Amino acid sequence: MSSNLFIPPWAEQVAEQLGTGPHVVVTGISPSGNIHAGNLREVLVAEAVANALKARGLEVRFVFHADTIDPLRKIAPGIPADYKSYIGHSLSRVPDPEGCHDSYAEHFLSPFEETLKRMEMHVEVLRSHELYEDGFYTEVTREAIEHTEALRRILQEVSGREMPKHWSPYLPRAGSGQVVGARVLEHLPGENKVVFADEDGWEEVADYGRGEGKLGWRVELAARWKALGATFEPFGKDHTSRGGSTDTADRMAEEVFRYPVPGRYEYEWIQIKGKGAMSSSKGIVLLPQEMLEIMPPDALRRLILGRDPARALDLDLGAGFPRFMDEYRAEVEPYPVPFAHLVTVAQTVGGEPEKAAVMLRRGGYEEAASDLAELRRDLAYARNWAEKWAPESYRFGVREEVPLEVANLDAEQRTYLAAVAGRLEDGMDGEATQDLLYSTAVELGLKPKTAFGALYTTLLGKKSGPKAGSFVAGLDTDFVRERFRHVSGLTTAGEVED
RNA sequence: GGGCCAGUAGCUCAGUGGUAGAGCAGGGGACUUUUAAUCCUCGUGUCGAAGGUUCGAUCCCUUCCUGGCUCACCA
């Protein structure tokens, strides 16, 4: 697909230190809630490193490991309260809260996977519950259970936490559906089974070769490296703290699983300007899907990755966004239209690229007007941004109906509108229109601000707007004439009545 | 307390071992033309502090100060 891969310098440096492979680049995310832009950063870090390795001619497998078998831990906002009865159950076995997918896990995973496709991400998406059910983790699970004492010791030494007496690296699923809270009593290595006591003390048997349970998170991390043959995995800073999951997994990998610790990149978090770090539980969530509404996939890559993912990033999709887009497009296109102008055009003509092209040509953006397909996309980005993210000052829309605000126009302004309506001619360009609007105001002895205010009020319901000449010229002349005549007559008549 | 990141012009941030940069804001000027107008023009700031390495450091090392985030399974 994309022959010239985007490889930032930091990714190149990481790749240099990773050896000759073959490589398995892994990124893992739990679909316990919305998979947001912060999660995307992890995937993009992995992608960039995978690309850097590929560019060096190395063999690379790029894997997205979705932790679908993980237990539901808490009820996120927007999830029905009665879901608390599912706490402790695997996400892959909890129903979709909105009923639109096969499971809770799929409900959140599926849209993210769709986003990855739209970004042309060449990644294998694996679901952990399927891996367990297919026996992919059988060997490492057996190994873990056999080394229960060593694993427990590492956990206690590294995390400083006293593990329960009956701690086991394996969490069998009880008949109730719970994958936490059981006590493993006996290992039957020949049958891939464990005998355990469930939360009520009943003895049951679980077949770990068929996904009837899972490894505990910290052990699973190290086991996963071995099973997948991972050579690189990025981690957010919450995992890389002293005593954190990477600390324990590193030792488990080396001492128990005899597997070399994969390369690592520690990335900082993304914040939303003015709102703080993303958090599903606080309702501060920015979805990648939303971001693709206002920018192309490659722009999203650069925005999320930032200059260096090891540094925190404050995402500004408001006032700062046009500048970002201009910088991005300056690299991609020979003659980019300033995004702010595109926003004006989009709001003036709606989604019709033909009309937008006319407007852009008048403004001197010949290049941008030539490719209608591309223009249609850009207009959509601009319009979506204007509706959802733009500061108020950017936003306007030509009213379908006569705005109520015209009631505030005085007699002079109405006279002005009538005069303009009488002078407007088809085919006038932006400059000619600007002259007409201005000279008419002067002739009637109106201040430009007053005159232009009337015009904006009549068309937009606001006192100000985009540069009037090209704006009015971009509209249908008949529509403008009709609107102006209507408003001037209507309000004048109203005053006479009074 | 541990970890990561940051501390450069009013603000947001680039940046390089060899005389400090951009955008915005602000000052001045131009334009008979509203608009977050447009065009031209203006930036000596202890590059957080102190040491060290070096012919030379804002950039490398050490220590310290300040701020942000993070720490047992929400990147």
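Below, read A as the first sequence line, B as the second, and so on, with proteins coming before strands; counting in each chain starts at 1. This is a predicted model, so every value here is computed, not measured.
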(request) List for me each residue that meets ring-ring contact (aromatic ring centres under 6.0 Å, His included) alongside A/Tyr104, sequence neighbours excluded, and say none if there are none. (result) A/Phe108
(message) Please report the distance separating the C1' of B/U19 from the corresponding atom of B/G10, rounded so that it comes out in whole Å.
(response) 26 Å
(message) Tell me every residue that passes ring-ring contact (aromatic ring centres under 6.0 Å, His included) with A/His101, counting only those two or more places apart in sequence or in another chain.
(response) A/His107
(request) Could you check A/Glu42 against A/Tyr267 for side chain to side chain donor-acceptor pair (under 3.5 Å), going step by step and ending with a plain yes or no? (result) CA-CA 8 Å; A/Glu42 161 147 347; A/Tyr267 61 91; 2.4 Å; yes
(message) Centroid distance below 5.5 Å plus an interplanar angle below 30 degrees: do A/Phe235 and B/A75 meet both conditions?
(response) no
(message) Using the P atom as the point on both nucleotides, what is the distance between B/U62 and B/G27, in whole Å?
(response) 45 Å
(message) Holding to side-chain hydrogen bond (donor to acceptor under 3.5 Å, both in side chains), I want the full list of residues that pass it with A/Glu443, two or more places apart in sequence or in another chain.
(response) A/Arg423
Pairs under 3.5 angstrom, nitrogen or oxygen only, protein versus nucleotides 65-67 of chain B, please.
none

Polar atoms only, N or O, under 3.5 Å: list the protein pairs with nucleotides 1-9 of chain B and their distances.
residue: B/G2; atom: N2; partner: A/Ser241; partner atom: OG; Å: 2.9
residue: B/C4; atom: O2; partner: A/Glu268; partner atom: OE2; Å: 3.0

(message) Work out how far the P atom of B/C4 is from that of B/A57, and round it to whole angstrom.
(response) 28 Å
(message) Can you tell me how the ring of A/Phe324 sits relative to the ring of A/Tyr328, calling it parallel under 30°, perpendicular over 60° and tilted otherwise?
(response) parallel
(message) Would you measure the distance from the P atom in B/G18 across to the matching atom in B/A75 and give it in whole Å?
(response) 42 Å
(request) Could you say whether A/Arg73 or A/Gly453 is positioned toward the 5' end of RNA chain B, judged by the nucleotide with the nearest heavy atom to each? (result) A/Gly453
(request) Using side-chain hydrogen bond (donor to acceptor under 3.5 Å, both in side chains) as the criterion, list what pairs up with A/Tyr132, not counting sequence neighbours. (result) A/Glu220
(message) If you go through the side-chain atoms of A/Tyr438, does one of them form a donor-acceptor pair with the base of B/U34 closer than 3.5 Å?
(response) no
(request) Would you mind listing every ring pair (Phe, Tyr, Trp, His ring centres under 6.0 Å) that reaches into residues 431-463 of chain A, with sequence neighbours excluded? (result) none
(request) Report which part of the nucleic acid A/Asp435 touches: base, sugar-phosphate, or nothing (heavy-atom distance under 4.0 Å, all strands). (result) base
(message) For A/Arg218, give me all partners under side-chain hydrogen bond (donor to acceptor under 3.5 Å, both in side chains), at least two apart in sequence or on another chain.
(response) A/Thr248
(request) Would you tell me whether A/Thr246 and A/His239 have side-chain atoms, one donor and one acceptor, within less than 3.5 Å of each other? (result) no
(message) Going by the rule salt bridge (charged side-chain N to carboxylate O under 4.0 Å, His left out), which residues pair with A/Glu114 if we only count those two or more places apart in sequence or in a different chain?
(response) none
(message) Please pick, from B/A14, B/G68, B/A75, the nucleotide with the shortest atom-to-atom distance to any side-chain atom of A/Gln271.
(response) B/G68
(message) For RNA chain B, which residues of residues 31-40 of chain A approach it to below 4.0 angstrom with any heavy atom?
(response) A/His36, A/Gly38, A/Asn39
(message) Taking B/G15 as the reference, what is the distance to B/G7 when you measure between their P atoms (whole Å, please)?
(response) 10 Å
(message) Holding to ring-ring contact (aromatic ring centres under 6.0 Å, His included), I want the full list of residues that pass it with A/Trp10, two or more places apart in sequence or in another chain.
(response) A/Tyr265
(message) When the P atoms of B/A20 and B/A9 are compared, how many Å lie between them, rounded to an integer?
(response) 15 Å
(request) Can you tell me, in whole Å, how much space there is between the C1' of B/G43 and that of B/A14? (result) 16 Å
(request) For B/A25 versus B/C42, give the span between their C1' atoms, rounded off to a whole number of Å. (result) 14 Å
(request) Using the test salt bridge (charged side-chain N to carboxylate O under 4.0 Å, His left out), find all partners of A/Arg311 that sit at least two apart in sequence or belong to another chain. (result) none
